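These numbers were taken from a predicted model, which means no experiment stands behind them.
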Amino acid sequence: MARMRVTVAIAFAALAVSILSSAARAEPGASLNDTARFIAGMQPSDGSPLRTYTNDAFWKQYANSFDQAWDGLEKRQLSKIRTLVSRDFKNPQPTLFYFFSGPDYLYADAFFPSATTYVMAGLEPPGQIPDLRKYSKGEIAGSLRELRSSLSSVLSYSFFQTKFMRVDFSRAKLNGTIPVLMTFLARSGKTVYTVDLIDLQSDGTLHPVEDKIEKPTGRGVKIVFGDANVGKKSTLYYFSTDLSDGGIKDSGFLTFCNTLGKGDSFIKSASYLMHQDSFSTVRDYLLTHSVSLLEDDSGVPIRFFAQGWQLHPYGRYVGPISLFGGQYQARLKDVFAKDKTTPIDFSLGYQWKPSESNILLAVKDETATAFAVETASVVKTSASAGSRPKVVAEADRPAKPRNRNRRHRQQSVSNPWPQLFGYSP
(Lines give C-alpha, C1' and ligand atoms only; values in the text may rest on other atoms or scores of the structure.)
Protein backbone atom coordinates (compact mmCIF):
# COMPACT_ATOMS: atom_id res chain seq x y z
CA MET A 1 0.00 0.00 0.00
CA ALA A 2 2.81 2.37 0.90
CA ARG A 3 4.53 1.51 -2.36
CA MET A 4 1.31 2.35 -4.25
CA ARG A 5 1.08 5.76 -2.54
CA VAL A 6 4.66 6.53 -3.50
CA THR A 7 3.98 5.48 -7.08
CA VAL A 8 0.89 7.67 -7.26
CA ALA A 9 2.77 10.61 -5.79
CA ILE A 10 5.53 10.25 -8.36
CA ALA A 11 2.96 10.09 -11.13
CA PHE A 12 1.25 13.27 -9.91
CA ALA A 13 4.62 15.03 -9.62
CA ALA A 14 5.53 14.07 -13.16
CA LEU A 15 2.13 15.29 -14.37
CA ALA A 16 2.59 18.60 -12.59
CA VAL A 17 6.02 19.12 -14.14
CA SER A 18 4.57 18.31 -17.55
CA ILE A 19 1.72 20.81 -17.08
CA LEU A 20 4.10 23.53 -15.89
CA SER A 21 6.46 22.90 -18.81
CA SER A 22 3.56 23.06 -21.26
CA ALA A 23 2.35 26.28 -19.68
CA ALA A 24 5.81 27.79 -20.00
CA ARG A 25 5.97 26.80 -23.64
CA ALA A 26 2.49 28.15 -24.21
CA GLU A 27 3.40 31.55 -22.72
CA PRO A 28 3.26 34.04 -25.56
CA GLY A 29 6.71 35.01 -26.74
CA ALA A 30 7.84 38.53 -27.41
CA SER A 31 7.87 39.67 -31.00
CA LEU A 32 11.23 39.87 -32.74
CA ASN A 33 11.00 43.64 -32.81
CA ASP A 34 10.22 43.82 -29.09
CA THR A 35 13.12 41.50 -28.38
CA ALA A 36 15.42 43.68 -30.46
CA ARG A 37 14.29 46.82 -28.65
CA PHE A 38 14.57 45.20 -25.24
CA ILE A 39 18.14 43.97 -25.68
CA ALA A 40 19.01 47.38 -27.15
CA GLY A 41 17.84 49.06 -23.94
CA MET A 42 14.68 50.47 -25.53
CA GLN A 43 11.10 50.11 -24.35
CA PRO A 44 9.19 47.25 -26.02
CA SER A 45 5.62 47.80 -27.16
CA ASP A 46 2.68 47.94 -24.77
CA GLY A 47 1.44 44.44 -24.02
CA SER A 48 4.80 42.79 -24.67
CA PRO A 49 5.71 40.11 -22.10
CA LEU A 50 9.09 41.82 -21.84
CA ARG A 51 7.50 45.02 -20.60
CA THR A 52 7.44 43.77 -17.02
CA TYR A 53 11.25 43.59 -16.87
CA THR A 54 11.62 47.25 -17.78
CA ASN A 55 10.55 48.20 -14.25
CA ASP A 56 13.43 46.27 -12.72
CA ALA A 57 16.56 48.03 -11.56
CA PHE A 58 18.88 45.91 -13.71
CA TRP A 59 17.12 46.88 -16.94
CA LYS A 60 16.82 50.57 -16.02
CA GLN A 61 20.54 50.68 -15.33
CA TYR A 62 21.29 48.83 -18.59
CA ALA A 63 19.02 51.10 -20.63
CA ASN A 64 20.48 54.26 -19.08
CA SER A 65 24.04 53.08 -19.77
CA PHE A 66 23.16 52.23 -23.37
CA ASP A 67 21.40 55.57 -23.87
CA GLN A 68 24.47 57.46 -22.70
CA ALA A 69 26.81 55.43 -24.91
CA TRP A 70 24.55 55.84 -27.92
CA ASP A 71 24.08 59.56 -27.41
CA GLY A 72 27.85 59.99 -27.32
CA LEU A 73 28.24 57.85 -30.44
CA GLU A 74 25.56 59.83 -32.25
CA LYS A 75 27.22 63.17 -31.49
CA ARG A 76 30.80 62.00 -31.99
CA GLN A 77 30.34 59.79 -35.07
CA LEU A 78 26.99 58.99 -36.65
CA SER A 79 25.54 62.47 -37.13
CA LYS A 80 28.79 63.63 -38.73
CA ILE A 81 28.90 60.63 -41.06
CA ARG A 82 25.32 61.26 -42.18
CA THR A 83 26.23 64.87 -42.98
CA LEU A 84 29.13 63.73 -45.15
CA VAL A 85 27.03 61.09 -46.91
CA SER A 86 24.17 63.47 -47.71
CA ARG A 87 26.63 66.02 -49.07
CA ASP A 88 29.02 63.88 -51.13
CA PHE A 89 27.62 60.41 -51.85
CA LYS A 90 25.41 61.00 -54.86
CA ASN A 91 24.75 57.64 -56.51
CA PRO A 92 23.96 54.99 -53.89
CA GLN A 93 23.18 51.50 -55.14
CA PRO A 94 20.43 49.25 -53.76
CA THR A 95 22.94 46.53 -52.79
CA LEU A 96 25.81 46.88 -50.33
CA PHE A 97 28.61 44.32 -50.05
CA TYR A 98 30.29 44.59 -46.66
CA PHE A 99 32.83 41.79 -46.31
CA PHE A 100 34.99 41.24 -43.20
CA SER A 101 32.21 43.09 -41.41
CA GLY A 102 31.35 40.99 -38.41
CA PRO A 103 27.95 42.16 -37.15
CA ASP A 104 28.67 45.84 -37.85
CA TYR A 105 25.35 46.97 -39.28
CA LEU A 106 25.91 50.20 -37.37
CA TYR A 107 28.36 51.75 -39.86
CA ALA A 108 26.80 50.03 -42.86
CA ASP A 109 23.62 51.96 -42.14
CA ALA A 110 25.44 55.20 -41.37
CA PHE A 111 27.31 55.26 -44.70
CA PHE A 112 24.73 53.46 -46.87
CA PRO A 113 21.28 54.24 -45.43
CA SER A 114 19.40 53.86 -48.72
CA ALA A 115 20.53 50.30 -49.50
CA THR A 116 17.73 47.74 -49.64
CA THR A 117 19.99 44.67 -49.52
CA TYR A 118 22.96 44.34 -47.21
CA VAL A 119 25.36 41.41 -47.64
CA MET A 120 27.70 41.04 -44.68
CA ALA A 121 30.24 38.33 -43.98
CA GLY A 122 32.75 37.34 -41.32
CA LEU A 123 34.05 34.36 -39.42
CA GLU A 124 31.80 34.80 -36.41
CA PRO A 125 28.81 32.39 -36.28
CA PRO A 126 25.28 33.82 -36.41
CA GLY A 127 24.28 32.01 -33.23
CA GLN A 128 20.67 31.53 -32.24
CA ILE A 129 17.62 33.77 -32.52
CA PRO A 130 17.10 35.22 -29.01
CA ASP A 131 14.22 33.75 -27.02
CA LEU A 132 14.27 35.36 -23.59
CA ARG A 133 11.53 33.05 -22.28
CA LYS A 134 14.23 30.44 -21.71
CA TYR A 135 16.01 32.53 -19.09
CA SER A 136 15.36 33.59 -15.52
CA LYS A 137 15.42 37.24 -14.57
CA GLY A 138 18.96 36.85 -13.28
CA GLU A 139 20.07 35.18 -16.50
CA ILE A 140 18.51 37.95 -18.57
CA ALA A 141 20.37 40.56 -16.52
CA GLY A 142 23.63 38.68 -17.01
CA SER A 143 22.99 38.27 -20.74
CA LEU A 144 22.49 42.00 -21.20
CA ARG A 145 25.74 42.74 -19.37
CA GLU A 146 27.55 40.31 -21.67
CA LEU A 147 26.00 41.89 -24.74
CA ARG A 148 26.92 45.40 -23.67
CA SER A 149 30.49 44.30 -22.95
CA SER A 150 30.86 42.75 -26.42
CA LEU A 151 29.85 46.08 -27.99
CA SER A 152 32.26 48.26 -26.07
CA SER A 153 35.00 48.44 -28.74
CA VAL A 154 32.71 49.19 -31.68
CA LEU A 155 30.85 51.86 -29.73
CA SER A 156 34.12 53.46 -28.64
CA TYR A 157 36.50 52.86 -31.55
CA SER A 158 34.29 51.95 -34.57
CA PHE A 159 35.52 48.35 -34.92
CA PHE A 160 35.19 44.97 -33.26
CA GLN A 161 38.25 43.17 -31.95
CA THR A 162 37.77 39.81 -33.62
CA LYS A 163 39.68 37.71 -31.12
CA PHE A 164 37.67 38.94 -28.15
CA MET A 165 34.43 39.08 -30.11
CA ARG A 166 34.72 35.39 -30.91
CA VAL A 167 35.16 34.55 -27.25
CA ASP A 168 32.35 36.88 -26.15
CA PHE A 169 29.91 35.57 -28.75
CA SER A 170 30.59 31.90 -28.07
CA ARG A 171 30.25 32.08 -24.28
CA ALA A 172 27.26 34.39 -24.01
CA LYS A 173 23.68 33.22 -23.66
CA LEU A 174 22.77 35.76 -26.33
CA ASN A 175 25.38 34.20 -28.58
CA GLY A 176 26.57 34.87 -32.11
CA THR A 177 26.08 37.90 -34.31
CA ILE A 178 22.26 37.88 -34.40
CA PRO A 179 21.70 39.67 -31.06
CA VAL A 180 24.21 42.37 -32.07
CA LEU A 181 22.58 42.85 -35.47
CA MET A 182 19.15 43.10 -33.84
CA THR A 183 20.47 45.58 -31.29
CA PHE A 184 21.96 47.85 -33.96
CA LEU A 185 18.82 47.63 -36.08
CA ALA A 186 16.65 48.70 -33.15
CA ARG A 187 18.98 51.51 -32.14
CA SER A 188 19.08 52.71 -35.75
CA GLY A 189 15.32 53.17 -35.72
CA LYS A 190 14.45 50.06 -37.71
CA THR A 191 11.57 47.62 -37.20
CA VAL A 192 12.57 43.94 -37.25
CA TYR A 193 10.00 41.78 -39.05
CA THR A 194 11.60 38.37 -39.59
CA VAL A 195 14.83 36.64 -38.57
CA ASP A 196 15.58 33.30 -40.24
CA LEU A 197 18.59 31.04 -39.96
CA ILE A 198 19.81 29.88 -43.36
CA ASP A 199 22.34 27.43 -44.80
CA LEU A 200 24.45 28.21 -47.86
CA GLN A 201 25.05 25.54 -50.47
CA SER A 202 28.00 25.33 -52.87
CA ASP A 203 25.77 26.31 -55.83
CA GLY A 204 24.96 29.63 -54.14
CA THR A 205 21.43 28.72 -53.10
CA LEU A 206 20.06 29.47 -49.64
CA HIS A 207 17.99 27.04 -47.58
CA PRO A 208 16.18 27.32 -44.24
CA VAL A 209 18.12 25.42 -41.57
CA GLU A 210 15.01 23.30 -41.05
CA ASP A 211 15.66 21.72 -44.46
CA LYS A 212 18.83 20.15 -43.04
CA ILE A 213 20.61 20.08 -46.40
CA GLU A 214 23.64 17.85 -46.79
CA LYS A 215 27.05 19.47 -46.49
CA PRO A 216 26.15 23.16 -46.14
CA THR A 217 29.12 25.37 -46.90
CA GLY A 218 28.12 28.18 -44.57
CA ARG A 219 25.58 29.20 -41.94
CA GLY A 220 23.90 32.58 -42.04
CA VAL A 221 20.91 34.66 -41.10
CA LYS A 222 18.41 36.60 -43.17
CA ILE A 223 16.75 39.57 -41.45
CA VAL A 224 13.90 41.53 -43.00
CA PHE A 225 13.46 44.95 -41.44
CA GLY A 226 11.78 48.25 -42.18
CA ASP A 227 12.41 51.93 -41.78
CA ALA A 228 9.34 53.87 -40.75
CA ASN A 229 10.89 57.11 -42.01
CA VAL A 230 11.08 55.93 -45.62
CA GLY A 231 8.33 53.32 -45.63
CA LYS A 232 10.30 50.46 -47.16
CA LYS A 233 11.48 47.00 -46.23
CA SER A 234 15.10 45.94 -46.55
CA THR A 235 16.95 42.65 -46.24
CA LEU A 236 20.17 41.95 -44.38
CA TYR A 237 22.15 38.77 -45.03
CA TYR A 238 24.96 37.83 -42.70
CA PHE A 239 27.11 34.82 -43.55
CA SER A 240 29.64 33.06 -41.39
CA THR A 241 32.16 32.05 -44.03
CA ASP A 242 35.88 31.90 -44.73
CA LEU A 243 36.76 34.62 -47.25
CA SER A 244 40.28 33.40 -47.97
CA ASP A 245 40.99 31.92 -51.40
CA GLY A 246 40.89 28.40 -50.04
CA GLY A 247 37.67 28.94 -48.12
CA ILE A 248 35.73 30.87 -50.73
CA LYS A 249 36.59 28.66 -53.67
CA ASP A 250 33.73 26.16 -53.32
CA SER A 251 31.56 27.87 -50.69
CA GLY A 252 29.00 29.31 -53.11
CA PHE A 253 29.14 32.66 -51.32
CA LEU A 254 30.23 34.69 -54.34
CA THR A 255 27.80 32.74 -56.52
CA PHE A 256 25.02 33.98 -54.27
CA CYS A 257 26.40 37.52 -54.42
CA ASN A 258 26.35 37.32 -58.22
CA THR A 259 22.56 37.00 -58.14
CA LEU A 260 22.38 40.53 -56.71
CA GLY A 261 24.30 42.21 -59.52
CA LYS A 262 26.72 45.04 -58.89
CA GLY A 263 26.50 47.31 -55.89
CA ASP A 264 28.44 49.51 -53.52
CA SER A 265 31.12 48.01 -51.28
CA PHE A 266 32.39 48.94 -47.85
CA ILE A 267 35.59 47.77 -46.16
CA LYS A 268 36.67 48.83 -42.70
CA SER A 269 39.08 47.42 -40.12
CA ALA A 270 39.71 44.40 -42.35
CA SER A 271 43.09 43.38 -40.89
CA TYR A 272 44.81 44.22 -44.21
CA LEU A 273 43.88 40.73 -45.35
CA MET A 274 43.36 41.77 -48.97
CA HIS A 275 46.96 42.94 -49.04
CA GLN A 276 47.77 39.22 -49.09
CA ASP A 277 47.68 36.99 -52.16
CA SER A 278 45.67 34.46 -50.16
CA PHE A 279 42.68 36.83 -50.32
CA SER A 280 42.97 37.75 -54.00
CA THR A 281 39.66 36.15 -55.04
CA VAL A 282 37.47 38.28 -52.80
CA ARG A 283 39.60 41.33 -53.58
CA ASP A 284 39.12 40.84 -57.32
CA TYR A 285 35.41 40.28 -56.83
CA LEU A 286 34.96 43.61 -55.08
CA LEU A 287 36.98 45.42 -57.72
CA THR A 288 34.86 44.01 -60.56
CA HIS A 289 31.43 44.16 -58.86
CA SER A 290 31.59 47.54 -57.13
CA VAL A 291 30.04 50.69 -58.58
CA SER A 292 31.76 52.48 -55.72
CA LEU A 293 34.02 51.18 -52.97
CA LEU A 294 34.41 52.95 -49.63
CA GLU A 295 37.30 51.83 -47.47
CA ASP A 296 39.96 52.70 -44.98
CA ASP A 297 43.57 51.77 -45.65
CA SER A 298 43.05 48.20 -44.34
CA GLY A 299 41.01 47.30 -47.44
CA VAL A 300 42.09 46.88 -51.07
CA PRO A 301 45.65 48.22 -51.59
CA ILE A 302 45.84 51.52 -53.43
CA ARG A 303 47.80 50.07 -56.36
CA PHE A 304 44.62 48.40 -57.64
CA PHE A 305 42.92 51.77 -58.17
CA ALA A 306 45.39 53.28 -60.62
CA GLN A 307 43.17 52.84 -63.69
CA GLY A 308 39.40 52.95 -64.03
CA TRP A 309 38.59 54.72 -60.76
CA GLN A 310 37.94 58.24 -59.55
CA LEU A 311 39.44 58.63 -56.09
CA HIS A 312 37.99 60.88 -53.39
CA PRO A 313 40.13 60.87 -50.23
CA TYR A 314 38.77 62.00 -46.87
CA GLY A 315 40.77 62.57 -43.72
CA ARG A 316 44.46 61.98 -43.26
CA TYR A 317 46.70 59.01 -43.97
CA VAL A 318 49.39 58.62 -41.33
CA GLY A 319 50.10 54.95 -41.97
CA PRO A 320 48.89 51.89 -40.08
CA ILE A 321 49.11 51.39 -36.34
CA SER A 322 52.33 49.76 -35.16
CA LEU A 323 50.71 46.34 -34.99
CA PHE A 324 50.32 46.48 -38.79
CA GLY A 325 53.41 48.55 -39.50
CA GLY A 326 54.43 46.40 -42.45
CA GLN A 327 51.34 47.52 -44.40
CA TYR A 328 52.43 51.12 -45.05
CA GLN A 329 51.54 52.38 -48.57
CA ALA A 330 53.67 55.22 -49.92
CA ARG A 331 51.30 55.83 -52.83
CA LEU A 332 48.41 56.30 -50.43
CA LYS A 333 50.35 59.08 -48.74
CA ASP A 334 50.41 60.88 -52.10
CA VAL A 335 46.68 60.32 -52.66
CA PHE A 336 45.96 61.88 -49.27
CA ALA A 337 48.11 64.96 -49.85
CA LYS A 338 46.77 68.07 -48.11
CA ASP A 339 45.62 69.73 -51.31
CA LYS A 340 43.70 66.63 -52.42
CA THR A 341 41.84 65.43 -49.35
CA THR A 342 38.69 66.60 -47.57
CA PRO A 343 38.96 66.82 -43.76
CA ILE A 344 36.66 64.72 -41.57
CA ASP A 345 35.69 65.26 -37.95
CA PHE A 346 34.97 61.64 -36.98
CA SER A 347 37.11 58.54 -36.66
CA LEU A 348 37.10 55.27 -38.58
CA GLY A 349 39.18 52.12 -38.42
CA TYR A 350 42.26 51.33 -36.40
CA GLN A 351 43.49 54.93 -36.37
CA TRP A 352 40.67 55.92 -34.06
CA LYS A 353 41.59 59.59 -33.65
CA PRO A 354 39.66 61.83 -36.09
CA SER A 355 42.85 63.71 -36.97
CA GLU A 356 44.49 60.45 -38.07
CA SER A 357 41.61 58.54 -39.70
CA ASN A 358 41.27 58.03 -43.42
CA ILE A 359 38.48 57.08 -45.85
CA LEU A 360 38.83 56.57 -49.57
CA LEU A 361 35.78 56.68 -51.83
CA ALA A 362 36.64 55.01 -55.13
CA VAL A 363 34.03 55.43 -57.87
CA LYS A 364 34.20 53.20 -60.96
CA ASP A 365 34.98 55.19 -64.13
CA GLU A 366 36.59 53.22 -66.93
CA THR A 367 37.95 56.40 -68.50
CA ALA A 368 39.69 57.67 -65.37
CA THR A 369 43.37 57.48 -64.46
CA ALA A 370 43.94 58.05 -60.77
CA PHE A 371 47.73 57.92 -60.99
CA ALA A 372 50.44 56.54 -63.23
CA VAL A 373 51.16 52.86 -62.79
CA GLU A 374 54.70 52.44 -61.56
CA THR A 375 56.88 49.71 -62.96
CA ALA A 376 57.05 46.82 -60.57
CA SER A 377 60.50 45.91 -59.36
CA VAL A 378 61.87 42.47 -58.60
CA VAL A 379 62.83 41.96 -55.01
CA LYS A 380 65.36 39.25 -54.27
CA THR A 381 64.30 36.79 -51.66
CA SER A 382 65.88 33.88 -49.85
CA ALA A 383 63.28 31.50 -51.24
CA SER A 384 64.25 27.98 -52.11
CA ALA A 385 65.75 27.21 -55.50
CA GLY A 386 63.26 27.14 -58.33
CA SER A 387 60.76 29.52 -56.71
CA ARG A 388 59.78 32.75 -58.41
CA PRO A 389 61.13 36.06 -57.11
CA LYS A 390 58.61 38.27 -55.36
CA VAL A 391 57.39 41.29 -57.35
CA VAL A 392 56.41 44.32 -55.34
CA ALA A 393 55.30 47.72 -56.64
CA GLU A 394 57.42 50.55 -55.30
CA ALA A 395 54.29 52.35 -54.09
CA ASP A 396 53.54 49.50 -51.70
CA ARG A 397 56.92 49.24 -50.06
CA PRO A 398 56.77 49.79 -46.29
CA ALA A 399 58.45 52.95 -45.11
CA LYS A 400 61.75 52.41 -43.35
CA PRO A 401 61.31 52.16 -39.60
CA ARG A 402 62.53 55.25 -37.81
CA ASN A 403 63.63 53.58 -34.61
CA ARG A 404 67.11 52.13 -34.46
CA ASN A 405 66.13 48.67 -33.34
CA ARG A 406 64.94 47.74 -36.81
CA ARG A 407 65.25 44.01 -36.33
CA HIS A 408 63.02 44.05 -33.26
CA ARG A 409 60.38 46.16 -35.00
CA GLN A 410 60.28 43.97 -38.10
CA GLN A 411 59.76 40.91 -35.92
CA SER A 412 57.00 42.57 -33.96
CA VAL A 413 54.91 43.38 -37.03
CA SER A 414 55.76 40.45 -39.28
CA ASN A 415 52.64 38.51 -38.32
CA PRO A 416 50.38 40.69 -36.17
CA TRP A 417 47.04 39.00 -36.79
CA PRO A 418 47.12 36.41 -33.99
CA GLN A 419 47.89 39.08 -31.41
CA LEU A 420 44.75 41.14 -31.99
CA PHE A 421 42.45 39.06 -34.14
CA GLY A 422 43.14 35.49 -33.10
CA TYR A 423 44.03 34.06 -36.51
CA SER A 424 46.40 34.51 -39.43
CA PRO A 425 45.50 34.94 -43.10
Side-chain angles (χ1 to χ4, degrees), residues 30-48 50-51 53-54 59-60 62-89 92-96 98 101-120 129-130 132 144 147-148 150-152 154-156 158-160 174 177-196 221-238 264 266 268 294 346-348:
S31 70
L32 290 167
N33 191 58
D34 281 339
T35 300
R37 292 181 62 84
F38 181 81
I39 64 177
M42 303 169 70
Q43 285 283 351
S45 63
D46 293 338
S48 170
L50 296 174
R51 191 84 175 190
Y53 296 114
T54 62
W59 192 86
K60 290 181 178 180
Y62 173 78
N64 182 61
S65 172
F66 218 132
D67 285 343
Q68 291 181 11
W70 195 266
D71 287 346
L73 180 69
E74 175 67 27
K75 295 174 183 176
R76 188 177 68 254
Q77 295 277 101
L78 302 182
S79 63
K80 297 175 180 179
I81 292 173
R82 286 195 295 268
T83 299
L84 172 67
V85 169
S86 63
R87 185 189 70 205
D88 290 357
F89 294 11
Q93 301 299 302
T95 298
L96 174 69
Y98 185 9
S101 63
D104 179 29
Y105 171 76
L106 175 63
Y107 283 91
D109 176 63
F111 281 105
F112 300 91
S114 60
T116 55
T117 302
Y118 296 83
V119 181
M120 301 169 61
I129 301 171
L132 299 180
L144 295 180
L147 177 63
R148 179 65 181 83
S150 71
L151 300 179
S152 60
V154 73
L155 294 178
S156 299
S158 85
F159 62 91
F160 288 99
L174 297 176
T177 60
I178 294 177
V180 178
L181 291 168
M182 293 176 66
T183 296
F184 285 158
L185 285 164
R187 278 284 171 175
S188 299
K190 309 300 189 283
T191 300
V192 177
Y193 294 112
T194 62
V195 180
D196 297 299
V221 62
K222 176 184 177 182
I223 302 177
V224 177
F225 63 94
D227 188 331
N229 295 324
V230 295
K232 67 174 182 180
K233 287 187 178 180
S234 300
T235 303
L236 185 156
Y237 296 95
Y238 172 84
D264 292 321
F266 183 34
K268 175 178 67 66
L294 182 70
F346 56 88
S347 64
L348 198 77

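- Not a single donor-acceptor pair under 3.5 Å links the side chain of T54 to the backbone N or O of L50.
- At distances below 3.5 Å, not a single donor-acceptor pair connects side-chain atoms of D264 with backbone N or O atoms of L96.
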**OP:** Please step through side chain to side chain contact (heavy atoms under 4.5 Å, CB included) for the pair L132 and L174, ending with a clear verdict.
**Re:** CA-CA 9 Å; L132 299 180; L174 297 176; 3.9 Å; yes

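- Ring geometry for F66 against W70 counts as tilted: the plane angle lies between 30° and 60°, on a 0 to 90° scale.
- Taking K60 as the reference, nothing meets the side chain to side chain contact (heavy atoms under 4.5 Å, CB included) condition, with sequence neighbours excluded.
- Distance CG/L78 to CG/D71: 11.0 Å, rounded to 0.5 Å.
- How far CG of L32 is from OG1 of T191: 12.0 Å, rounded to the nearest 0.5 Å.
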Quick one: side chains of residues 35-44, donor-acceptor pairs under 3.5 Å with protein atoms, not counting sequence neighbours, listed by atom name and distance.
| from | atom 1 | to | atom 2 | distance (Å) |
| --- | --- | --- | --- | --- |
| T35 | OG1 | S31 | O | 3.0 |
| R37 | NE | Q43 | O | 2.7 |
| R37 | NH2 | Q43 | O | 3.2 |

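- Atom CG in D109 sits 11.0 Å away from atom CZ in F184 (nearest 0.5 Å).
- Aromatic ring centres of Y107 and F346: separated by at least 6.0 Å.
- The ring pair (Phe, Tyr, Trp, His ring centres under 6.0 Å) test applied to Y53 returns no partner, not counting sequence neighbours.
- Below 30°, between 30° and 60°, or above 60°: for Y118 and Y105 the angle between ring planes is above 60°, a perpendicular geometry.
- If you take CD1 on I81 and CG on L106, they are separated by 8.0 Å, rounding to the nearest 0.5 Å.
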